[in-house]
Q: 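Provided herewith is a single structure, encoded as structure tokens, for subsequent inquiry.
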Amino acid sequence: MVLGQPLRIPCEDSMNDVSKSITKLNHKSKMFVLRERAVSLLPKLFNAWRITHLVFEKDTDAYGRERDNEVMALAKKAGVEVITKSGRTLWDSDDVVKAHGGKPTMSISQLQAAGAKLGEIAAPIEAPKSLPDPGEMSLDFEQTQPEPKSDINEHFREDREKTYSFGIAGPNGDFSVPPLEELGMKPATTPHRGGETIALEMLDEILADEEYTGTFEKPKTSPAAFEPQSTCLTSPYLHFGALSCRYFYHKADEVVQKRRKAKKSVSEPPTSLTGQLLFRDMYFAAQAALGFSFGQTYNNPNCRFIPWHLPSKIDLNTKLVTGDYEIDDEEKEIWFQRWAHGKTGFPWIDAIMRQLRYEGWIHHLARHSVACFLTRGGCYISWERGAEVFEDLLIDHEAASNIGNWQWLSCTAFFSQFYRCYSPVAFGKKWDPDGGFIRKFVPELKDMDKKYIFEPHKAPISDQKKAGVLIKGDGEEAERNGLKLYPMPIFDFPTQRDICLQGMKSAYSVGLHGNDQKVLDGTWKEAFDDNGEGPTEGRKGGPGGLTTFEEADGAEEASHGHPTPKKGNVERSSDSPKSTRGRKREHSQSTLDASFKKKAK
DNA sequence: ACCCAGGTTGCCTCC
DNA sequence: CGGAGGCAACCTGGG
Ligand SMILES: Cc1cc2nc3c(=O)[nH]c(=O)nc-3n(C[C@H](O)[C@H](O)[C@H](O)COP(=O)(O)OP(=O)(O)OC[C@H]3O[C@@H](n4cnc5c(N)ncnc54)[C@H](O)[C@@H]3O)c2cc1C
């Protein structure tokens with residue numbers, strides 16, 4: 001294998017597990033990991049190892065497609081035959097798009113209709129029963145070093161050059177799976193472990209509970225449940241390829257059919273388990289249809305234009321986001337940072353964001369709560385900022401699902417009922433009436449009376465002291481005079497919800513999309529009331545929601561990128577979701593590939 | 001053209 | 001405490 005995968009614990013586990021499975025079939029073999037970017041390494045390898053065939057799984061992520069096209073061209077040049085397999089989704093996403101008239105699938109019924117045209121979902125391919133010997137692996141060529149300063153995962157790496165310092169075959173010269181430390185990643189805090197063995201065990205346990213599997217209704221599962229969670233937690237395994245979605249689908253469907261025959265109750269898509277996998281395919285197909293533009297507002301025909309705060313900067317040459325954003329209002333940057341670090345002063349939101357940061361997985365409805373809160377139902381900050389934080393923190397990060405769901409929650413695509421707005425108080429109370437989830441992830445509040453735990457700033461000082469905590473400040477200070485501190489809320493929610501609702505209403509009536517001329521040329525501002533929510537003042541703005549065209553192309557240096565460069569009082573810590581230059585929204589995180597600057601075309 | 005039902009997962013008040 | 005209906009009102013698809 002050529003190293004180019006996200007590098008969290010579940011990834012390392014997945015690689016070790018697959019390596020063991022290979023060795024079981026042939027004791028001379030294992031997973032051989034080469035420390036270099038595919039595009040620079042493979043041409044050298046084709047030669048040195050006299051390679052005749054290259055086999056890999058098709059990837060419809062825009063970034064993956066670009067890389068794979070490059071690799072295929074190099075293989076062709078070297079006379080190497082390429083074989084690709086499509087098994088990441090239920091149906092091949094390009095086939096789904098074709099069956100849907102070349103358009104992105106925007107609802108489950110559209111996906112189902114396209115799927116019906118394509119026929120049965122293929123059965124998963126059996127694991128091999130034997131494997132050939134690995135052959136000779138000479139290293140008679142130079143390792144190409146990464147260019148400095150382009151690693152999107154910089155803030156998770158302690159020593160980003162380390163990976164390469166041991167040479168292509170790693171520290172022991174044996175091509176073994178690199179542990180996180182070799183890659184310079186900080187030790188992982190997640191309790192979730194990866195690998196096919198665990199994935200199959202987990203799935204077996206789920207399937208053995210036929211009532212759970214057969215009557216699963218997603219909206220009825222609790223976002224506050226932990227150890228164990230209320231849903232399958234299969235998403236990281238599906239992402240890393242440790243579990244086949246087709247295997248999962250057919251196995252779950254078998255249980256449903258069996259219950260049907262026995263006249264027992266069953267659930268139906270979209271709420272059923274198989275329905276969940278259909279959503280996954282829907283987002284993959286939408287992404288396959290739109291490519292890079294799927295991951296951003298600008299130039300995306302499918303994404304509604306809303307004048308969000310903290311809009312993405314645009315490279316006008318490539319029409320892609322640069323990875324940096326404009327701070328149109330310093331207060332919104334502070335809200336964003338406090339959201340990202342679980343210090344909003346809304347315990348339900350903070351508990352979720354801290355579970356995300358610490359464990360890397362949160363329940364679907366928890367994702368709804370915090371995504372709605374950041375965008376249309378609280379801060380009115382661009383969904384693209386939220387998607388970037390999720391990309392950094394999720395162990396199940398999947399570009400198509402992450403982007404698509406952020407659009408759903410922000411009512412920019414897939415979903416439009418913006419008047420259905422989650423409350424950070426009421427929604428939490430519904431699922432966690434005693435506050436157990438909050439006590440677990442916001443331990444400052446663990447002794448707070450349940451009467452106040454969702455709005456602790458409303459607790460009388462005497463109750464706060466009884467619980468050993470003072471509600472005060474902005475979350476920077478953790479303790480004072482032996483009492484823990486928990487921040488005041490960043491804003492009054494009912495007020496902010498109304499502001500957002502008004503903003504959404506007017507943005508919907510303006511009715512612009514990411515590829516409309518007005519969004520491309522900045523005249524979108526004319527269509528918005530100066531006093532409306534978001535950076536709407538004036539008649540001429542920048543591309544895609546920026547306030548100005550100046551410095552919009554992302555090629556310049558970082559320090560003077562903001563039109564209002566007042567210093568905020570939120571320090572960007574090393575693991576803050578700081579933005580990075582020259583990065584496309586849609587590619588898998590933490591890849592070694594990404595640590596090389598792409599050649600200018 | 002128009003109406004109407006449906007859309008995985010809202011909140012609040014009233015009975 | 002649980003369910004129904006109001007709230008204000010989005011879009012798509014079918015008839
Ligand atoms: C803002 C936001 C961001 C998200 N980002 C991601 C992401 O980066 N990666 C990701 O896999 N999912 C993402 N999701 C979708 C969903 O929340 C997770 O897939 C789900 O919570 C994973 O938990 P599970 O495996 O227990 O799901 P289950 O409910 O057990 O579902 C089974 C499988 O179906 C798939 N699935 C379920 N719901 C969705 C969905 N809405 N969209 C796509 N696939 C789904 C997952 O692969 C999941 O493992 C996001 C949702 C939101 C609202």
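Since the structure is predicted, the reported quantities are computational estimates derived from the model, not experimental observations. Letters go in sequence order (proteins before strands), and every chain restarts at 1.
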Q: Contact class for A/Phe279 vs. all strands (heavy atom < 4.0 Å): base, sugar-phosphate, or nothing?
A: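 Result for A/Phe279 = base.
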Q: Tell me: CZ of A/Arg376 to P of B/dC11, nearest whole Å?
A: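 Distance check: A/Arg376 CZ to B/dC11 P gives 10 Å.
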Q: Taking the six-membered ring for Trp, are A/Phe414 and A/Tyr283 closer than 6.0 Å centroid to centroid?
A: yes
Q: Verify the neighbour count for atom NZ of A/Lys58: are there more than 12 heavy atoms of other residues, nucleotides or ligands below 6.0 Å?
A: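 Enclosed.
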Q: For B/dT8 and C/dG3, measure between their P atoms and round to the nearest Å.
A: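 Taking atom P in both B/dT8 and C/dG3, they lie 23 Å apart.
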Q: Counting only side-chain nitrogens and oxygens, does A/Arg420 get under 4.0 Å of the OP1 or OP2 atom of B/dG7?
A: no
Q: CZ of A/Arg304 to OG of A/Ser416: how many Å apart, nearest 0.5 Å?
A: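 Here the interatomic distance stands at 7.0 Å.
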Q: Scan A/Gln110 against the nucleic acid and name what it touches under 4.0 Å (heavy atoms): base, sugar-phosphate only, or nothing.
A: sugar-phosphate
Q: Which listed nucleotide (C/dC10, B/dC11, B/dT8) is nearest to the side chain of A/Ser423?
A: B/dC11
Q: Can you measure A/Phe216 atom CZ to B/dT9 atom P for me and round it to whole angstrom units?
A: 14 Å
Q: Taking CG from A/Leu409 and P from B/dG7, how many angstroms apart are they, rounded to a whole number?
A: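 After rounding, the reported distance stands at 19 Å.
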Q: A/Gln407 has an atom CD; how far is it from atom P of C/dC11, in whole Å?
A: 17 Å
Q: For A/Lys429 and B/dC11, what is the distance between atoms NZ and P respectively, to the nearest whole Å?
A: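 Value for this atom pair: 12 Å.
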Q: Any side-chain N or O of A/Lys505 less than 4.0 Å from the OP1 or OP2 oxygen of C/dA8?
A: no
Q: Which part of the nucleic acid does A/Tyr419 contact within heavy-atom distance under 4.0 Å: base, sugar-phosphate only, or nothing?
A: base
Q: Please state the P separation for the pair B/dA1 and C/dT12 - nearest whole angstrom.
A: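 That atom pair is separated by 15 Å.
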Q: How far does the P atom of C/dA9 sit from the matching atom of B/dG7, given to the nearest Å?
A: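 That atom pair is separated by 23 Å.
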Q: When the distance from CG of A/Leu501 to P of C/dC7 is rounded to whole Å, what number comes out?
A: 16 Å
Q: Separation of A/Phe415 atom CZ from B/dT9 atom C1', in whole Å?
A: 9 Å
Q: Mind checking A/Arg304 for me? I need base, sugar-phosphate or nothing, with any heavy atom below 4.0 Å counting as a touch.
A: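 Result for A/Arg304 = sugar-phosphate.
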Q: Kindly determine whether A/Phe491 and A/Phe373 satisfy ring pair (Phe, Tyr, Trp, His ring centres under 6.0 Å), including the steps that lead there.
A: CA-CA 12 Å; A/Phe491 49 58; A/Phe373 184 86; 5.4 Å; yes
Q: Hunt down the Watson-Crick or G-U wobble partner of C/dG14, both distances under 3.5 Å, from any strand shown, or write none.
A: B/dC3
Q: Could you please name the option among B/dC12, B/dT8, B/dG10 that lies closest to any side-chain atom of A/Ala426?
A: B/dC12
Q: How would you label the contact of A/Gln276 with the nucleic acid (heavy atoms, under 4.0 Å): base, sugar-phosphate, or nothing?
A: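 Base, at least one base atom sits under 4.0 Å.
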Q: Using a 4.0 Å heavy-atom cut-off, does A/Trp431 contact any base of the nucleic acid, only the sugar-phosphate backbone, or nothing at all?
A: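 If one applies the 4.0 Å heavy-atom cut-off, A/Trp431 turns out to touch nothing in the nucleic acid.
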Q: Nearest-Å distance, CZ (A/Phe418) to C1' (B/dG7)?
A: 15 Å
Q: Only pairs with both distances under 3.5 Å count, Watson-Crick or wobble alike; so what is the partner of B/dC14 in this structure?
A: C/dG3
Q: Can you tell me if CD on A/Gln257 sees more than 12 non-hydrogen neighbours from other groups inside 6.0 Å?
A: yes
Q: Would you classify A/Lys430 as touching base, sugar-phosphate or nothing, given that sugar-phosphate means primed atoms plus P, OP1 and OP2, and contacts are heavy atoms under 4.0 Å?
A: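 It contacts nothing in the nucleic acid.
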Q: Compare all side-chain heavy atoms of A/Arg385 with those of A/Glu388 and state whether any distance is below 4.5 angstrom.
A: yes
Q: Do the side chain of A/Ser416 and the base of C/dC11 come within less than 3.5 angstrom through a donor-acceptor pair of N or O atoms?
A: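 No such pair is found, so the answer is no.
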